[in-house]
Number of protein chains: 2
Amino acid sequence: MDDDTLRNALARAEALCTERGVRLTAQRRRVLELVCRAQRPVGAYEIMDQLRDGAPAAPPTVYRALDWLLAQGLVHKLETLHAFIGCTHPEHPHASQFLICDGCGGVTELEDPSIADSLASVAAESGFRPSRPIVEVIGTCSACAAREDD
Amino acid sequence: MDDDTLRNALARAEALCTERGVRLTAQRRRVLELVCRAQRPVGAYEIMDQLRDGAPAAPPTVYRALDWLLAQGLVHKLETLHAFIGCTHPEHPHASQFLICDGCGGVTELEDPSIADSLASVAAESGFRPSRPIVEVIGTCSACAAREDD
DNA sequence: GTTATAGCGTTACATTGTTGCGCTCGCCCA
DNA sequence: TGGGCGAGCGCAACAATGTAACGCTATAAC
């Protein structure tokens with residue numbers, strides 16, 4: 001994420017929080033900035049490491065910030081990687097899908113209605129009420145696949 | 001899982017391994033039996049606890065057995081729970097989906113082609129080659145929903 | 001201003017998963 | 001038939017991730 005995009009993302013987050021009447025504190029903002037800047041999944045302890053310069057933060061501090069950012073939909077957690085990534089469209093609540101490349105570590109966030117619909121209808125058939133649908137597809141991205149095919 | 005079903009599952013596993021020319025050793029069988037008997041997600045350390053009677057097993061032993069059982073498709077790992085569950089139809093390779101109730105902790109394994117197809121086509125659009133599609137839906141099962149509605 | 005509450009710091013700890021090394025047992029083949 | 005080879009396992013230590021509990025501080029509401 002280049003500096004402009006990053007500033008843009010942070011500004012949007014700020015606006016969203018104001019609109020919602022919730023507090024994007026300095027800690028939360030610091031963590032959000034680090035997650036967004038990375039443009040790849042970052043672990044909680046990696047965030048802590050980056051925070052050592054300046055005001056160091058202990059695990060509970062970082063996890064509290066991350067939990068809050070998750071609740072606000074500003075970041076996502078990738079369960080298979082134990083890592084976090086900035087949300088690409090936090091304006092509305094959504095059920096995302098993630099394509100995770102195990103070659104380069106890159107992650108693509110999708111928001112495909114057909115998948116969400118399939119999930120919802122299958123769940124409905126069994127009377128199940130989804131609250132948090134998690135879709136993480138491990139595989140090889142097109143760039144890495146091309147490299148492998150050499 | 002009642003005793004008959006369990007014995008059946010173990011017998012099927014045994015047959016599959018013979019057919020594949022791989023070794024379902026005593027350790028692996030013990031772990032598989034514990035996972036299948038539970039009928040709910042069990043953690044690796046929970047398995048270790050159950051193994052204390054008899055021959056105790058250290059973490060690497062249990063994880064090695066679990067990794068092997070995963071590779072053979074005899075158990076699944078639920079990433080969101082850090083837990084394992086017996087596969088309900090290990091005969092063929094498959095991409096499963098899981099409905100995970102956060103009320104009772106019960107898990108339903110599905111194998112719905114519409115979801116798998118949606119995932120595959122969306123991945124294909126971006127040139128992504130899926131190797132391990134993970135779908136875990138957290139929510140409330142019908143029984144727990146009924147109880148809540150009281 | 002006073003007070004209730006959300007946020008944060010700190011310590012200690014819990015849970016989950018891994019690395020490395022060496023021994024043994026079963027299997028293959030000369 | 002026995003020599004070697006590799007898969008499997010025991011063991012010790014450790015790494016990574018995530019939590020609990022408690023009290024202080026700063027912000028917001030009245």
Side-chain angles (χ1 to χ4, degrees), chain A residues 13-14 17-18 20-35 38 41-72 74-85 102 105 134 136 138, chain B residues 13-14 17-18 20-35 38 41-72 74-85 102 105 134 136 138:
Chain A
E14 198 101 47
C17 291
T18 304
R20 293 174 186 168
V22 295
R23 293 167 58 198
L24 182 61
T25 65
Q27 289 282 18
R28 291 166 182 168
R29 194 192 165 100
R30 274 207 301 168
V31 171
L32 177 61
E33 180 169 348
L34 285 175
V35 172
V42 286
Y45 278 73
E46 199 175 340
I47 293 172
M48 287 181 54
D49 285 345
Q50 308 239 10
L51 288 176
R52 269 176 323 186
D53 322 330
T61 302
V62 172
Y63 278 104
R64 280 191 288 236
L66 286 171
D67 286 346
W68 186 89
L69 292 168
L70 285 170
Q72 295 299 325
L74 296 172
V75 305
H76 292 295
K77 174 164 194 178
L78 297 169
E79 298 286 347
T80 50
L81 300 179
H82 307 293
F84 303 83
I85 193 168
D102 51 14
I134 289 164
E136 299 179 13
I138 317 287
Chain B
E14 197 100 48
C17 290
T18 304
R20 294 174 186 168
V22 296
R23 292 166 57 198
L24 182 61
T25 65
Q27 290 281 17
R28 292 167 180 168
R29 193 191 165 100
R30 275 206 302 168
V31 171
L32 177 61
E33 179 169 349
L34 286 175
V35 172
V42 287
Y45 279 73
E46 199 176 339
I47 292 171
M48 287 181 54
D49 285 344
Q50 307 238 12
L51 288 176
R52 268 175 325 186
D53 322 329
T61 303
V62 171
Y63 279 104
R64 279 191 290 235
L66 286 170
D67 286 347
W68 187 90
L69 292 169
L70 285 170
Q72 295 299 324
L74 296 171
V75 304
H76 292 293
K77 175 163 194 179
L78 298 169
E79 298 286 346
T80 51
L81 300 178
H82 306 292
F84 302 83
I85 193 167
D102 52 14
I134 289 164
E136 299 180 13
I138 317 288

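Naming convention: chains lettered A, B, ... in sequence-line order (proteins, then strands); numbering from 1 in each chain.
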What nucleotide, of D:dG18, C:dT11, D:dT27, holds the atom closest to the side chain of A:Ala58? C:dT11

Less than 4.5 Å apart, any side-chain heavy atom of [X] and any of [Y]?
X	Y	value
B:Gln50	B:Glu33	no
A:Val42	A:Ile85	no
B:Trp68	B:Val31	no

Ignoring hydrogens and angles, are the base of C:dG9 and the side chain of A:Arg64 linked by a donor-acceptor pair under 3.5 Å? yes

Length of the line joining [X]:[atom1] and [N]:[atom2], which is rounded to integer Å:
X	N	atom1	atom2	result
A:Leu24	C:dA6	CG	P	18 Å
A:Tyr63	C:dT11	OH	P	18 Å
B:His82	C:dA14	NE2	P	18 Å
A:Arg28	D:dT27	CZ	P	13 Å
A:Glu79	C:dG17	CD	C1'	16 Å

Taking 5.5 Å and 30° as the limits, would you call B:Tyr45 and the base of C:dT16 a stacked pair?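 Stacking is present between C:dT16 and B:Tyr45, given that their ring centres fall under 5.5 Å apart and the planes under 30°.
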
Hey, does the side chain of A:Lys77 come within less than 4.0 Å of D:dT17's phosphate (OP1/OP2), counting only N and O?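 A:Lys77 to D:dT17 OP1/OP2: no side-chain N or O under 4.0 Å.
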
Comparing A:Ala57 and B:Phe84 on DNA chain C - which has the more 5′ nearest nucleotide: A:Ala57

Starting at the 5' end of DNA chain C, which residue's closest nucleotide do you reach first, B:Pro60 or B:Glu46? B:Glu46

